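Heads up: the structure comes next, in structure tokens.
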There are 2 protein chains.
Amino acid sequence: MTDQLSEVPDEGVTRRAARSQEDILEVATAEFAANGYAGARVDEIAARTRTTKRMIYYYFGSKEALYLTVLERVYAQIRRVERGIQIDELSPTEALRKLAEATYDHHTTHEMFIQLVSIENIHRAEHLQQSETILRENATAITLLEQVIERGVREGIFRDDVDALDVHMMISAYACFHVANRHTFAAIFKRDMLDPALQPSHRRLIGDMIVATMADRRNRRTVP
Amino acid sequence: MTDQLSEVPDEGVTRRAARSQEDILEVATAEFAANGYAGARVDEIAARTRTTKRMIYYYFGSKEALYLTVLERVYAQIRRVERGIQIDELSPTEALRKLAEATYDHHTTHEMFIQLVSIENIHRAEHLQQSETILRENATAITLLEQVIERGVREGIFRDDVDALDVHMMISAYACFHVANRHTFAAIFKRDMLDPALQPSHRRLIGDMIVATMADRRNRRTVP
DNA sequence: GTCTATACCCGGATAGAC
DNA sequence: GTCTATCCGGGTATAGAC
């Protein structure tokens, strides 16, 4: 979580203060992700920062507001990744595989994001619903997927009874599960889903899965 | 979570006491699932039971021990479902679909189980690892899947580079996601994944997905 | 086994000086 | 903006009568 999460500092705030807020957010992200909302300790965040607890309340107002800022920061991060995906030159099949792999790559390298999403779901997305930014911006992720699927259906190579949200659901489910359920899975089955040795095959499998499902001839509208 | 979760009461405990402990566990399951481990309140559990807070500590010793009992109870429940699945008469393809649908059915009707698994993952499965029962018994879920896949590979209709744990992972990922990420998904994309109107198609989709992936001819060892 | 009352501590939030 | 010190609610856990 060190990559490009910085926000533009407010005008009236000194460079040092902005830096300090960044530090707090960095540490808070780790603390919330590791312990959940109620389990996270503001004391602990302060202890791991160069600032004090008093300053955290000065900057962010409350534990909940701090958590919300953390949430918006990690959602902004995945938005940037999504916007960077280029699929112009690819066939619908290749594009689908690339989108699936990009999601797999993001989630497997951003464990804290997945943990925060899990935590947010435990709390019925009550905080997320307070953030107009996330709700407005992050839904756009599927427009790319919509275009790819529409093209594939038009070309007669994709089934037409599964929409973009369904595909997004399948991709996210697979990619999330590797990270979100890593520990219970490893405890019961003795296999670490994030073992680097397994990642290439898991990365291929998500592409296979999505492509095979969408191209399944038994469900295709137009049989060639 | 009203179905058959009862444990056999200890010998020295009266019928009334056993019933009281069942009540506590029922309510505790809901409380932990809804608020996470740290967010759950023993006061609240006591308030929603006919017993008192003092009795909860008398019966279970600590909040953590209570949570562990809750966890073992829901894992015992899914074990019973898994053991009840019959696939003797089915082809490998049909068996795979049936197993996928059974998992989908269980998870979508046991929201609290999925929430508790999420919570447990937030805490790096530290509690789950203390339960020899869960670790010993729940790994057996894949033996059925192993047999089906071995048969399918032998008959040349399944690819042979995806093992039973991988398939279990795909099935669980899909089924878990519907429940675990329901709220963030609904908030962002305005679609409730557990909407009863969508369930038949989602139920078909998980079967299609698993069957298509395993039968994908481009990855099959023996091309017919 | 079941109750009431309470000890004790921890954590979020704030006061107020500089 | 930054610090130290502190309040105070509430949460886990227990004492002790019946």
Side-chain angles (χ1 to χ4, degrees), chain A residues 7 9-71 119 122-123 126-127 130, chain B residues 7 9-71 119 122-123 126-127 130:
Chain A
E7 298 286 328
D10 296 352
E11 297 306 321
V13 180
T14 71
R15 189 172 205 80
R16 190 181 173 81
R19 173 75 194 152
S20 184
Q21 291 178 35
E22 267 310 305
D23 282 353
I24 292 167
L25 286 172
E26 195 82 21
V27 173
T29 302
E31 174 73 9
F32 282 118
N35 302 306
Y37 177 73
R41 298 288 167 250
V42 179
D43 272 320
E44 187 62 25
I45 297 168
R48 296 191 187 174
T49 328
R50 273 183 218 86
T51 54
T52 62
K53 188 162 67 160
R54 183 68 189 85
M55 286 314 297
I56 295 176
Y57 280 92
Y58 178 78
Y59 286 137
F60 298 97
S62 70
K63 182 184 184 179
E64 191 178 1
L66 172 63
Y67 172 76
L68 195 57
T69 310
V70 163
L71 210 57
I119 290 162
I122 293 295
H123 298 99
E126 280 159 12
H127 307 97
Q130 295 171 33
Chain B
E7 298 286 327
D10 296 351
E11 296 306 321
V13 181
T14 70
R15 188 172 205 79
R16 189 182 173 80
R19 173 75 195 153
S20 185
Q21 290 178 35
E22 268 309 306
D23 281 353
I24 292 168
L25 286 172
E26 194 84 19
V27 173
T29 303
E31 174 73 9
F32 282 118
N35 303 306
Y37 178 74
R41 297 287 167 250
V42 179
D43 272 320
E44 188 62 25
I45 296 169
R48 295 191 186 174
T49 328
R50 271 182 220 86
T51 53
T52 62
K53 189 163 61 162
R54 183 66 189 89
M55 286 314 295
I56 294 176
Y57 281 93
Y58 176 78
Y59 286 137
F60 298 97
S62 69
K63 182 184 183 180
E64 192 177 0
L66 173 62
Y67 172 77
L68 195 58
T69 310
V70 163
L71 211 57
I119 290 163
I122 293 294
H123 298 99
E126 280 158 13
H127 307 96
Q130 295 172 32

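Just so it is clear: chains get the letters A, B, ... in the order the sequence lines come, proteins before strands, and each one is counted from 1. These numbers were taken from a predicted model, which means no experiment stands behind them.
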Evaluate the side-chain contact (heavy atoms from CB on, under 4.5 Å) criterion for residues Arg54(A) and Tyr59(A): first the C-alpha distance (whole Å), next the side-chain angles of each, then the deciding distance (0.1 Å), finally the verdict.
-> CA-CA 9 Å; Arg54(A) 183 68 189 85; Tyr59(A) 286 137; over 6 Å; no

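- Across residues 35-43 of chain B, Ala40(B), Arg41(B), Val42(B), Asp43(B) each have a non-hydrogen atom less than 4.0 Å from an atom of DNA chain D (numbered order).
- dT2(D) atom P lies 7 Å from atom CZ of Arg16(A), rounded to whole Å.
- When the side chain to side chain contact (heavy atoms under 4.5 Å, CB included) test is applied to Thr69(A), the partners found at least two apart in sequence or on another chain are Leu25(A), Phe60(A).
- Taking atom CD of residue Glu64(B) and atom P of nucleotide dT12(D), one finds them 13 Å apart after rounding to whole Å.
- Taking atom CD1 of residue Ile56(B) and atom P of nucleotide dC3(C), one finds them 11 Å apart after rounding to whole Å.
- Partners of Tyr57(A) under the side chain to side chain donor-acceptor pair (under 3.5 Å) rule, at least two apart in sequence or in another chain, do not exist in this structure.
- Checked against side chain to side chain contact (heavy atoms under 4.5 Å, CB included), Glu126(B) has the following partners two or more places apart in sequence or in another chain: Arg124(B).
- By the 4.5 Å heavy-atom criterion applied to side chains, Tyr67(A) and Ile119(A) are counted as neighbours.
- Here the side chain of Lys63(B) is nearest to one of dG1(C), dC3(C), dT12(D), namely dT12(D).
- Residues passing the side chain to side chain contact (heavy atoms under 4.5 Å, CB included) test with Ala33(A), sequence neighbours excluded: Met112(A), Gln115(A), Leu116(A).
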N/O contacts under 3.5 Å, protein versus nucleotides 14-17 of chain D?
residue, atom, partner, partner atom, Å
dA15(D), N6, Arg54(B), NE, 3.3

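- Residue pairs that meet the salt bridge (Lys or Arg N to Asp or Glu O under 4.0 Å) test with at least one member in residues 31-49 of chain A, sequence neighbours left out, are Asp43(A)-Lys53(A), Glu44(A)-Arg48(A).
- The distance between atom CZ of Arg50(A) and atom P of dC3(D), rounded to the nearest whole Å, is 12 Å.
- Backbone-only contact: Ser62(B) has heavy atoms under 4.0 Å from sugar-phosphate atoms and none from a base.
- Partners of His127(B) according to the side chain to side chain donor-acceptor pair (under 3.5 Å) rule, which considers only residues two or more places apart in sequence or in another chain, are Glu120(B).
- A straight line from OH of Tyr67(B) to P of dA13(D) spans 15 Å, rounded to a whole angstrom.
- Judged as a side chain to side chain contact (heavy atoms under 4.5 Å, CB included), and not counting sequence neighbours, the contacts of Arg19(B) are Asp23(B).
- Regarding Glu31(B), its CD atom lies at a distance of 14 Å from the C1' atom of dT12(D), rounded to whole Å.
- Contact annotation: Tyr59(A) reaches the phosphate of dT2(D) (side-chain N/O to OP1 or OP2, under 4.0 Å).
- Atom pair Tyr58(A):OH and dT4(D):P shows a separation of 17 Å (rounding to whole Å applied).
- Whole-Å rounding puts the Met55(B) CE to dG1(C) P distance at 7 Å.
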